[in-house]
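In each ligand, atom 1 is the first atom listed, and ligand 1 is the first ligand listed.
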Amino acid sequence: MQPAQLPHYEVFALRYATRDAQRRDHFIGGDPHDGPMPMDYYVWLAVGPSGAYVIDTGFTAEMAKERKRTFLRCPVDSLALLGVEAGAVRDVILTHMHYDHVGNFHKFPNARFHLQEREMAYATGKYMRYPRIGNSFHVEDVVGMVRLNFKGRVEMHAGEVEIAPGITLHPTYGHSDGLQSVREHTRRGWLVLASDASHYFWGVEQNKLFAIVFSVADMLAGYDKLKKLADGRVEMVVPGHDAEVCKRYPASKPGLEGICVRLD
Ligand SMILES: [Zn+2]
């Protein structure tokens, strides 16, 4: 389909948790200009003519307590603020299986889950024995996704795929070995939800490396891919954890400042 014929999606970022952090926590090799750099946690929503697509499911209140994150509200409740009931959602896209992206999967009883096959192989594979890698996953989430697969509810993709006209998934490995980013056609052109292919704007804008990484080479190549997917417009790439997102984009409606911003 030619871009002119593609539908326009409305796209939202829902901020569900936050934590205080320092710049040195985030960069490989530390940072000479140390200072506060909070990390925000988001899920995303894309709404088009074929329905609502939930992108990632966040973590639970219990997990927030365990990992000492500040939980703002359950992503499922934030979706309800936008008129989306979790039970009615048919498609959930999981960018990857880290604990902060997959934790509430059980609250979507009628959804199928889109995942890269390579991410499932990674999350169930040999590297999980190393805490440096395995700690980003919660074993019960991984087991839960395996169970869902046995129920026929996981769509495992091998590479790039269009799941509906105007919404496509793209491998951007590096941070997690089977990570994917999500691209939507919007009234402003192609919008790219990087998820953790770029945690902060400084990733894709300055090629700086986030500290949690499986492959540095893939992470760098991922930055180039994100820009290419956005037709070279780096301002159309939305990072996965940057507190700046809520400053650069407007609230979806009055009263939802810092909770839900509209990206398209
Ligand atoms: Zn993350």
Q: Could you please tell me which protein N, O or S atoms lie under 2.8 Å from the Zn ion (ligand 1)?
A: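 Less than 2.8 Å away from the Zn ion (ligand 1) sit D100 OD2, H101 NE2, D196 OD2, H241 NE2.
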Between [X] and [Y]: side-chain donor-acceptor atoms closer than 3.5 Å:
| X | Y | answer |
| --- | --- | --- |
| H96 | D196 | yes |
| T18 | D40 | yes |
| T172 | H170 | no |

**Q.** Close aromatic pair by centroid cut-off 6.0 Å: Y41 and F71
**A.**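 Here the rings of F71 and Y41 have centres that are no less than 6.0 Å from each other.
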Q: Please confirm whether F137 and Y127 have ring centers closer than 6.0 angstrom.
A: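 No: the rings miss the under 6.0 Å criterion.
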Q.
So, using side-chain hydrogen bond (donor to acceptor under 3.5 Å, both in side chains) as the criterion, who are the partners of Y200 when residues are at least two apart?
A.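 Checked Y200 against side-chain hydrogen bond (donor to acceptor under 3.5 Å, both in side chains); matches are H26.
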